[in-house]
Each structure stands twice: as structure tokens, then as C-alpha cells.
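Keep in mind that this is a model prediction, so the values were computed, not measured.
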Amino acid sequence: MPMPLIIVPDQAALAAAAATSILALLRQKPDAVLGLATGKTLEPVFAALVASGVSFARARIVHLDEMLGLEADDQRWFGCDLRRQFLAPLGIPAAHLRMLDGRAPDPEAECAAHEAHIIALGGLDLQVLGIGRNAHIGINEPGSAFDSRTRVVAFAEITRSGMVAQFADRPVPTHGMTLGIGTILAARQILLLANGANKAEAVRAAVAGPVGPACPATALRAHANVQVIVDRAAA
């Protein structure tokens, strides 16, 4: 089925529209289970949510993806961004969030525990996603099965190339952990966000290209409640 596409003028308008959608769910269901991505597209969205003054005290937060192989005190963990930009300013209780631990001694067991946690919560009410230049969602790179669950994955080279500037002092991580496409599709609502001209081809492929594992985001077209918000450059 076609994905509803909302085109806004710029990143500020995208952040406002995304925040409005998330807050509408939270007002309806204060204890909603929210799956959250991180990244540059999400930074202004988190800022808008914090500025709204709406309480997230009863919400449950689930982390979308994480890198493997960094030092414990490295501030480049995806989870560090989520804590700094969103969780800490809102004072969300530690008991209300489940982060993927990239330092876990057994990453496969950590993925299984993350998946089990989502099931125990009754599933995700909303999964918020960005999109990669190769149309990956989470770290579900091209070739990912549409029924995949939370697991360890290898970053595609195009994804790693976009991380080089962050890792001038060490090699770019090669692997991470991510909610699988099947886990994402089980969410009751999905919000996909994209901004910038470098995401335009990925957006086109996601909403109008052939459906299949070569373009992971096309899996979202099978979902009954997905919303896509993009700025004019990404459209």
C-alpha cells in the first residue's frame, strides 16, 4: 500500500510536525511504548518534545539500535545521544527505558533480551525512524529479511563512510545491534522522517521503488499505520 507522505518546507517544520504526531499519541496514551532512533534528523525533534512541556514520566522508551566495539566511556554511542538530548532533559526514570548495550559480553543474548522486553511491554505503540542513504531503517541494511528480529548486524560500507568524520581517532565500527524489520513492523504506528537532499533518492525508493530486501524501507509499505514526513529537499 502507498505510504502517506507529508512534505514540509525545512528541518524546523519537520521537527515540529514529528513532535506534534508523537505528542498526540502521548496525550491519548501517557504510558505509550515509544521506540526511538537517534541521529541528526532526530535532534531537533527531541528538542521540540522537550520544549513542549508535556510529561513523558509514564512513557516507556525502547532504543532502536547501537554500535558495537567502543570503549565504555566513549560518548559516540547512539545511546549517549538519546540520553543527552531526550531522556535526561525530561527526567525519564531509568526503569522506564531499555537501551541496547553495545558493551554486552554476549551481543546475541543482549538482542534476545531487548526483543523479549518489547514483547513483555505489549509491543511498541510507536516506532520513530530515520532513513539511511541506502534506505536502511535502524541498521537493517539492504538484504535484511522483512521478518528479521532484533539482532547483530554488519554496517554497509556506505553507512560506515558516513561515520568517518566521527571516528578520526579510530576505525569506524563494523557491527551493531538493531531492532529487526519484523520487530519494527510489529509496532502499532510508525513514523519515518527524512531531511536533506542526500536522502532524496532513499525516500523515492522507499515510497515508489520496487518492494524487496534490496530497499529495506519498502517493508514499511505493508504497514497499515505509517506516516512519512520529509522536508522539501528530501522530497
Side-chain angles (χ1 to χ4, degrees), residues 3-66 75 77-101 114 117-131 137-138 150 178-179 183-196 199 203 220 223-232 234-235:
M3 290 192 286
L5 184 66
I6 298 172
I7 301 172
V8 296
D10 51 30
Q11 188 176 37
L14 185 151
T20 295
S21 181
I22 295 167
L23 293 173
L25 170 63
L26 198 67
R27 291 187 177 101
Q28 178 185 3
K29 187 177 181 180
D31 61 348
V33 182
L34 307 176
L36 296 179
T38 54
K40 292 182 180 179
T41 302
L42 272 296
E43 288 180 25
V45 177
F46 292 150
L49 292 174
V50 171
S52 73
V54 174
S55 174
F56 282 75
R58 293 174 58 193
R60 301 299 195 271
I61 309 300
V62 176
H63 192 193
L64 173 65
D65 53 16
E66 187 56 272
Q75 294 301 300
W77 294 107
F78 297 157
C80 289
D81 289 340
L82 186 57
R83 290 183 186 277
R84 182 176 60 253
Q85 298 166 10
F86 184 66
L87 303 176
L90 289 170
I92 294 173
H96 288 192
L97 60 102
R98 179 51 162 89
M99 307 290 285
L100 276 164
D101 185 0
H114 203 63
H117 181 79
I118 294 170
I119 294 170
L121 290 174
L124 299 170
D125 290 301
L126 171 66
Q127 177 62 59
V128 182
L129 299 168
I131 187 170
I137 47 177
T150 306
T178 185
L179 268 63
T183 310
I184 291 168
L185 292 178
R188 285 176 275 280
Q189 181 180 347
I190 297 173
L191 180 60
L192 179 68
L193 309 174
N195 72 283
K199 298 295 180 69
V203 171
L220 303 179
H223 199 280
N225 190 8
V226 59
Q227 186 178 53
V228 184
I229 305 177
V230 302
D231 69 2
R232 189 169 291 123

Using every non-hydrogen atom in the two residues, find where [X] and [Y] come nearest and quote the distance to one decimal.
X: Ala37; Y: Leu42; answer: O-CG, 3.8 Å
X: Ala194; Y: Val203; answer: CB-CG2, 3.6 Å
X: Val8; Y: Ala13; answer: CB-CB, 3.8 Å
X: Ala235; Y: Ile7; answer: CB-CD1, 3.8 Å
X: Phe56; Y: Leu49; answer: CZ-CD2, 4.1 Å
X: Gly138; Y: Leu64; answer: CA-CD2, 3.6 Å

Pair listing, side-chain hydrogen bond (donor to acceptor under 3.5 Å, both in side chains) test, anchored in [range], at least two apart:
range: residues 33-59; value: Thr41-Asn195
range: residues 118-127; value: Lys29-Asp125, Asp125-Arg188
range: residues 81-91; value: Asp81-Arg84

Going by the rule side-chain hydrogen bond (donor to acceptor under 3.5 Å, both in side chains), which residues pair with Arg232 if we only count those two or more places apart in sequence or in a different chain?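 Counting only residues at least two positions away or on another chain, Arg232 forms no side-chain hydrogen bond (donor to acceptor under 3.5 Å, both in side chains).
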Identify each donor-acceptor pair in which a side-chain atom of residues 14-27 lies under 3.5 Å from a protein atom, sequence neighbours left out, and give them as a table.
residue: Thr20; atom: OG1; partner: Ala16; partner atom: O; Å: 2.9
residue: Ser21; atom: OG; partner: Gln227; partner atom: OE1; Å: 3.3

Mark yes or no for whether His114, through its side chain, and Leu179, through its backbone, hold a donor-acceptor pair below 3.5 Å.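 Answer holds: no.
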Roughly how far, to the nearest 0.5 Å, is [atom2] of [Y] from [atom1] of [X]?
X: His223; Y: Leu185; atom1: NE2; atom2: CG; result: 6.5 Å
X: Thr178; Y: Phe78; atom1: OG1; atom2: CZ; result: 9.5 Å
X: Ile131; Y: Leu220; atom1: CD1; atom2: CG; result: 8.0 Å
X: Ile61; Y: His96; atom1: CD1; atom2: NE2; result: 10.0 Å
X: Ile92; Y: Leu82; atom1: CD1; atom2: CG; result: 8.0 Å
X: Asn225; Y: Gln189; atom1: CG; atom2: CD; result: 4.5 Å

Taking only residues at least two apart or on different chains, which pairs with a member in residues 8-35 satisfy ring pair (Phe, Tyr, Trp, His ring centres under 6.0 Å)?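 For residues 8-35: none.
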Let me see the working for Ile229 and Leu191 under side-chain contact (heavy atoms from CB on, under 4.5 Å), right down to the final yes or no. CA-CA 8 Å; Ile229 305 177; Leu191 180 60; 3.7 Å; yes
